[in-house]
Amino acid sequence: MKFLKSWLQDYIVEPLPSDEEIRDILNKKAFEVEEVVSLKKDTVFEIKVLPNRAHDALGHRGMARELCADFGFTFKDDEKVKLNEKLVDKKVPVPEIMVTDEKACTRFMSMRIEGVKVSPSPKWLKERLEAIGQRSINNIVDITNYVQFSLNKPMHAYDARKITGVINVRFAKSGEKLETLDGKDLKLNSKDLVIADGEIILGLAGIKGGKPSGIEEDTNVVILESANFEPSLIRRTSTKYNLHTDASKRFENGIANSLVEEGLYMTANLIKQVCKSAKASEVVDIYPKKDKSFKIGISKEDLNSILGTKYEGSLIEDAFKKLLFTFEKVVPEEKIKELIPVALDKPYERLASTLYDAPEKFSCGSLVNWFYVECGYALPRVSLDMYVYSKKIKKEDLKLGDLIFTNTLTEKPKNAMIYSKVLGKEIPDVPKYTKTLEFLRGTEFPPGIDHVGMYIGDGKVIHTGSIIGKVVIEEFSSSNYFKNECWYGRPVNDLKIPQFVIKVPSERFDIRIKEDLAEEAGRIIGYDKIVPTLPSLSRTGLLNKQMHYENKIREILFSHGFSEIITYTFGDVGEVELVKGLAKDKEKIRPDLGKGIMNAFNMNFYNSPLLGQKTIKVFEIGKVFNKESERKHLSIAIDDGAKKSNFSEEVDLILAGIKRTLGIKAINCETVSSKPYIIEIDLDDLIVDLNDPITYEAPSFSRLPLVSYKPVSAYPFIARDIAMWVPDSVSWESVRSLLDEIRNPIVARIDLFDTFSKEIEGVKKTSYAFRLVFQSHERTLTDEEVNKMIEEYYAKFKEKGYEIR
C-alpha cells in the first residue's frame with residue numbers, strides 16, 4: 001500500500017525524520033518498504049503489509065502508530081473519529097436498518113445526512129488521494145475513500161433518494177442480479193451477502209456498491225454505511241466473482257468492530273467540513289454481540305526465555321508503552337484476591353462467556369477462566385478441557401488458584417443439543433462430557449467432568465451453578481456440588497511471579513498469546529540487541545527406527561555407486577486426487593515410485609555423455625499413497641543402454657547385502673521394468689519386524705568430502721567421438737593433454753571411453769577413443785559449428801603423426 005508522509009505526520013506530534021531513516025527503521029522492525037518516491041513537497045512510501053498486520057496497518061493511522069513505536073514518538077489522536085453533537089439534528093429521519101444474520105454482519109452503523117452538495121473535492125483531499133494512486137471522483141465518494149485509507153475502514157455512501165424502505169443486510173436469493181458501480185452484471189446466489197432495500201440489491205456486502213444507488217451530481221441526501229462483515233464470506237465472494245477491491249482486501253483479513261464507529265463519525269465530520277449546510281440524523285447502531293477488551297499477559301521471565309535475552313522489566317515496560325499498549329503489572333495471587341469480592345453474588349448463566357458476559361454473569365467455567373484472564377493467562381474455556389490442560393495434583397497439595405473438578409451427574413433430556421457461546425456451535429447436551437471439546441480435542445477422560453471451582457485457601461472454594469444461582473464461597477468439604485469424586489489441577493505453577501497484563505488494542509488481531517507479546521517487545525527493543533549464542537545441543541541424533549534402517553540401505557547402495565534422487569509426489573496417476581491440482585499433470589498423488597524413477601532414469605541416461613557415466617545407477621526412498629494409507633517404498637534403477645546387458649545379478653548382489661546387513665531372510669520386490677532394470681520394495685513391510693536400534697550410529701555418507709557445484713546449461717549438448725592410432729609407447733594421458741591444449745570454452749567434458757591394441761603391418765599400435773561433449777550456456781549449438789571445432793582436434797593429431805580412425 002502507498003503511504004503519504006504528510007498524511008502520516010497528521011498522527012504524530014514530533015516531526016518525522018528523513019525518508020531514509022523511515023525506510024530503514026520500518027525494514028528493520030516491521031515491514032518491507034518496497035519503494036520510496038519523492039514528490040515536490042512530499043514523499044510516498046510503498047510498504048508491503050502482510051496479512052498478520054492487515055488488521056491495523058493498512059491505514060495511515062495504523063502505520064503512524066507503528067512509526068511512533070519504532071521511533072519513540074508521541075501519537076496524536078484525531079478528534080474527527082468522535083461524534084460531533086453539533087452535526088446531529090433530531091429532525092432528520094433515522095435510517096431503517098435490519099441485519100438478518102448477526103454472524104455474517106457483526107456490526108452495522110448508519111446515519112442519514114441531508115444538505116449535501118456533490119462537487120469536486122477540495123484541493124487537499126484530491127491531492128492526497130491522487131498521491132497514493134486513487135482517482136478523485138467527487139467530494140462524497142472521495143471522503144469515503146479517504147476514511148478507508150486513513151483508518152483502514154471501508155465506507156460506503158448511498159443516494160437516499162434511490163432507497164425504498166428498510167436497508168437489510170441479508171443473503172441474496174438465487175438468481176437475483178446486481179449491476180456494480182463499475183458496470184459489471186452479477187447473477188447472485190444464496191451464499192452471497194448483500195445490502196438490499198425493499199425492492200433492489202444496493203451492493204455486494206464488503207466488496208462493491210451497486211450502480212442504482214450510487215452518488216450522482218444532484219444527490220443532496222446520503223445514507224452512510226459503516227459495517228463489519230465475516231472475513232471468510234467476503235473472501236469467498238470476492239474470489240468467486242473476481243472482484244478484489246480495496247474494501248474486500250480489508251474485510252477478508254478482518255477488522256475491529258471499533259473501527260465501524262470511528263469510520264462513521266470521521267466520514268460524517270468530513271462531509272460537514274466540505275458541505276457546511278449538512279446535518280445528520282441520530283446514529284443507528286446494530287451491535288448484537290459487543291466486544292470486550294482481549295487481555296493476555298507475560299512475565300519478564302517468560303519473555304526472556306522466549307527471546308533468549310536478559311532484558312530488565314523497565315526495558316520491557318518501555319517497549320509496551322511505545323506500542324501504546326495499556327497494561328497493568330500484577331502479582332496473579334494478589335490479583336485473584338482482589339477479584340473475589342467483584343465476582344461474589346453475580347448471577348449464574350449456564351452459557352455465559354468470559355469474553356462477552358464477565359464479570360456481570362458467570363458459568364462455572366467462565367468464572368474460573370475470568371480470574372485467570374484478568375491475571376494474563378489463557379486457559380481452555382471448558383471445564384473438562386481445563387482439567388486436561390492443568391498439572392494434576394493431590395487434594396492435600398491444594399493452594400490458592402488451584403482448580404477442583406467434579407461431575408454433578410445432572411440429568412439432561414435425551415438427544416438434546418445446546419448452543420455453546422464458548423465454542424460458537426451446537427454441542428450435545430449430555431449428562432457428562434468425557435472427551436475434550438477444545439484443548440487437545442477428543443482427549444478421553446471416561447469419568448467425565450461438568451463442574452469446576454477454584455480453591456481460595458482455608459478449605460474454601462469459589463464457584464457457581466444452576467442450583468445456587470450465583471457466585472458463592474463454600475466449604476469444599478461440605479459443598480453439595482463437590483460430594484462426588486473430585487480431581488485437582490494446577491493451571492499455573494507459580495502465581496507469585498509478576499505479570500504484565502496487556503489490554504490488547506482492538507485492531508491488533510495478531511496478538512493473542514504470550515509469544516506474540518514477546519515478539520512485539522523484542523522487535524521494538526531491537527533484535528540487533530540480542531547477543532547471538534549457540535544452543536547447547538547434543539551432537540548425537542535421536543534414535544529413529546525408520547531412519548536407522550533406511551540409512552543402512554543407503555550405505556549399501558552408495559557403496560555400489562548409486563545416487564539417491566527425489567522425484568515428484570504429484571502426478572497424473574493415482575487413487576488420491578487433489579482438491580486443487582498444481583497443474584494438469586499433477587492432480588493426483590503417486591501410488592508407487594515406478595513412473596517417477598523411470599522418468600528420472602531416462603533424463604539421466606539422455607544426459608549420460610554430459611555426466612560422464614556409461615551406466616546410470618539411481619535409487620529413491622519416498623512415500624506412496626492409496627485411499628487407505630501412505631507407505632514408504634524403495635525403488636532401484638540401473639542400466640547402460642546396451643541391448644544385451646542384464647543387471648539382475650548386480651541387483652541380486654545388492655539385495656543379498658541388504659538382507660545380510662538387516663539380518664533378514666527374504667525381500668519381497670516387484671520388477672517394474674526389465675529394460676532399464678527397475679525394482680520396487682515396500683520398506684514399511686521390510687522394516688516393521690526389525691528390532692529397534694539401541695545406539696545412534698552416524699551413517700558413513702554423513703562424512704562425505706565437500707563437493708563443488710556449478711550451474712547446468714539450459715541449452716542442449718552435442719557429443720562427438722574421436723579415435724586415433726598411436727604408437728604403443730604413447731599413454732592415453734599424453735593424448736588427453738593434446739586435447740586440452742585446444743582451449744575451447746564450449747567443451748563441457750572429455751572422457752576416454754575405449755582402448756585396445758593390435759599389430760598393424762608388424763608394428764604394435766594402440767587405439768584411444770575419446771568422447772567430447774560440446775555445450776554453450778548462451779545459445780543452442782549447430783552441427784556445422786561443432787564439426788568445425790572437431791577439425792581443430794583432427795589437425796592437432798595429424799601434426800603429431802597420429803592416424804585418425
Side-chain angles (χ1 to χ4, degrees), residues 1-11 37 39-46 58-64 76 78-84 86-87 110-162 180-183 202-203 208-226 245-247 249-250 259 262-280:
M1 175 180 161
K2 290 181 170 66
F3 293 86
L4 192 63
K5 189 174 184 179
S6 61
W7 201 337
L8 293 169
Q9 184 69 71
D10 286 350
Y11 294 101
V37 180
L39 306 178
K40 285 184 179 181
K41 296 181 180 180
D42 218 329
T43 305
V44 175
F45 297 92
E46 179 79 42
L58 278 177
H60 281 75
R61 184 177 67 170
M63 189 58 68
K76 188 194 301 181
D78 188 351
E79 291 298 314
K80 289 193 290 293
V81 300
K82 299 175 182 178
L83 178 62
N84 179 3
K86 294 180 181 179
L87 175 62
S110 183
M111 295 175 80
R112 179 185 178 97
I113 301 182
E114 297 181 348
V116 169
K117 183 178 180 182
V118 177
S119 62
S121 291
K123 183 180 178 183
W124 68 268
L125 177 56
K126 184 176 181 181
E127 286 181 348
R128 283 197 167 183
L129 289 175
E130 290 179 346
I132 63 169
Q134 298 297 311
R135 181 173 61 90
S136 177
I137 298 172
N138 59 54
N139 56 352
I140 304 302
V141 175
D142 287 358
I143 284 169
T144 61
N145 282 332
Y146 184 81
V147 171
Q148 175 173 251
F149 293 108
S150 288
L151 305 182
N152 192 32
K153 172 64 187 75
M155 295 293 303
H156 194 69
Y158 300 99
D159 187 332
R161 301 172 303 170
K162 303 174 183 177
T180 63
L181 284 167
D182 56 357
L202 305 174
K208 199 80 172 176
K211 197 169 185 178
S213 60
I215 303 298
E216 297 185 0
E217 290 182 4
D218 61 344
T219 299
N220 58 7
V221 182
V222 298
I223 292 177
L224 297 182
E225 171 203 312
S226 185
T245 62
D246 289 315
K249 180 180 181 181
R250 285 159 174 80
L259 289 176
E262 293 181 318
L264 180 71
Y265 296 155
M266 186 176 188
T267 305
N269 288 330
L270 286 172
I271 290 175
K272 177 67 174 178
Q273 182 178 323
V274 300
C275 302
K276 303 300 181 184
S277 60
K279 51 186 179 179

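As the structure is a prediction and not an experimental result, all values here were calculated from the model.
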Colleague: Quick one: OG on Ser119 to CD1 on Ile140, what's the gap to the nearest 0.5 Å?
Modeller: 7.5 Å
Colleague: Report yes if the side chains of Leu264 and Lys153 come closer than 4.5 Å at any heavy-atom pair, otherwise no.
Modeller: no
Colleague: Does the side chain of Cys275 reach to within under 4.5 Å of the side chain of Asn139, using non-hydrogen atoms?
Modeller: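 Touching, per the 4.5 Å side-chain cut-off.
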Colleague: Are any of the side-chain heavy atoms of Lys162 and Glu216 separated by less than 4.5 Å?
Modeller: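 Contact flag for Lys162/Glu216 side chains = yes.
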Colleague: Of all residues at least two apart in sequence or in a different chain, which pass the side-chain contact (heavy atoms from CB on, under 4.5 Å) check with Lys2?
Modeller: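 Counting only residues at least two positions away or on another chain, Lys2 forms a side-chain contact (heavy atoms from CB on, under 4.5 Å) with Val44, Glu46, Ile132.
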Colleague: So, do Leu129 and Ser136 sit near enough that their side-chain heavy atoms are less than 4.5 Å apart?
Modeller: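 Counting from C-beta outward, Leu129 and Ser136 never come under 4.5 Å.
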Colleague: Between NZ of Lys80 and CG of Asn269, what distance do you get to the nearest 0.5 Å?
Modeller: 8.5 Å
Colleague: As an exercise, state the distance from CH2 of Trp124 to OH of Tyr146, rounded to the nearest 0.5 Å.
Modeller: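 So the gap between those two atoms works out to 5.0 Å.
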Colleague: Using ring centroids (six-membered ring only for Trp), state whether Phe149 and His60 fall under 6.0 Å.
Modeller: no
Colleague: I'd like to check the side-chain contact (heavy atoms from CB on, under 4.5 Å) partners of Ala268; sequence neighbours left out, ordered by chain and number.
Modeller: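 So Ala268 forms a side-chain contact (heavy atoms from CB on, under 4.5 Å) with Leu87, Met111, Ile113, Leu224.
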Colleague: Atom CG of Leu58 and atom CG of Asp246: how far apart are they, to the nearest 0.5 Å?
Modeller: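 Going from the CG atom of Leu58 to the CG atom of Asp246 covers 9.0 Å.
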Colleague: Check whether Asp78 reaches the backbone of Val81 with its side chain - one donor and one acceptor, N or O, closer than 3.5 Å.
Modeller: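 No: the side chain of Asp78 does not pair with the backbone of Val81.
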Colleague: Got a second to check how far Gln134's CD is from Gln148's CD, nearest 0.5 Å?
Modeller: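 Answer rounded to 0.5 Å: 7.5 Å.
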Colleague: Can you tell whether the side chains of Arg128 and Asp10 come within less than 4.0 Å, N to carboxylate O?
Modeller: yes
Colleague: Just by modelled atom types, is the Asp42 backbone N or O under 3.5 Å from a matching donor or acceptor in the Ser6 side chain?
Modeller: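 Looks like no, no N/O pair under 3.5 Å.
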Colleague: For Lys76, is the NZ atom crowded, meaning more than 12 foreign heavy atoms sit under 6.0 Å from it?
Modeller: yes
Colleague: Heavy-atom distance under 4.5 Å between the side chains of Arg61 and Glu262, does that happen here?
Modeller: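 Yes; the side chains approach each other to less than 4.5 Å.
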Colleague: Roughly how far, to the nearest 0.5 Å, is CG of Leu270 from OG of Ser150?
Modeller: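 Answer for the OG-CG pair, Ser150 versus Leu270, is 7.5 Å.
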Colleague: Of all residues at least two apart in sequence or in a different chain, which pass the ring pair (Phe, Tyr, Trp, His ring centres under 6.0 Å) check with Tyr265?
Modeller: none
Colleague: Going by heavy atoms in the side chains, are Asp142 and Ile137 under 4.5 Å from each other?
Modeller: yes
Colleague: Please answer whether the main-chain N or O of Ala160 pairs with a side-chain N or O of Arg112 as donor and acceptor at a distance below 3.5 Å.
Modeller: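 Not at all, since once roles are kept as given, no pair shorter than 3.5 Å links the two residues.
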Colleague: Answer whether the closest heavy-atom distance between the side chains of Gln273 and Leu125 falls below 4.5 Å.
Modeller: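 Gln273 vs Leu125: side chains apart.
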Colleague: Are the side chains of Glu225 and Ser110 in contact, using a 4.5 Å heavy-atom criterion?
Modeller: no
Colleague: Has Lys272 got more than 12 heavy atoms of other residues, nucleotides or ligands less than 6.0 Å from its NZ?
Modeller: yes
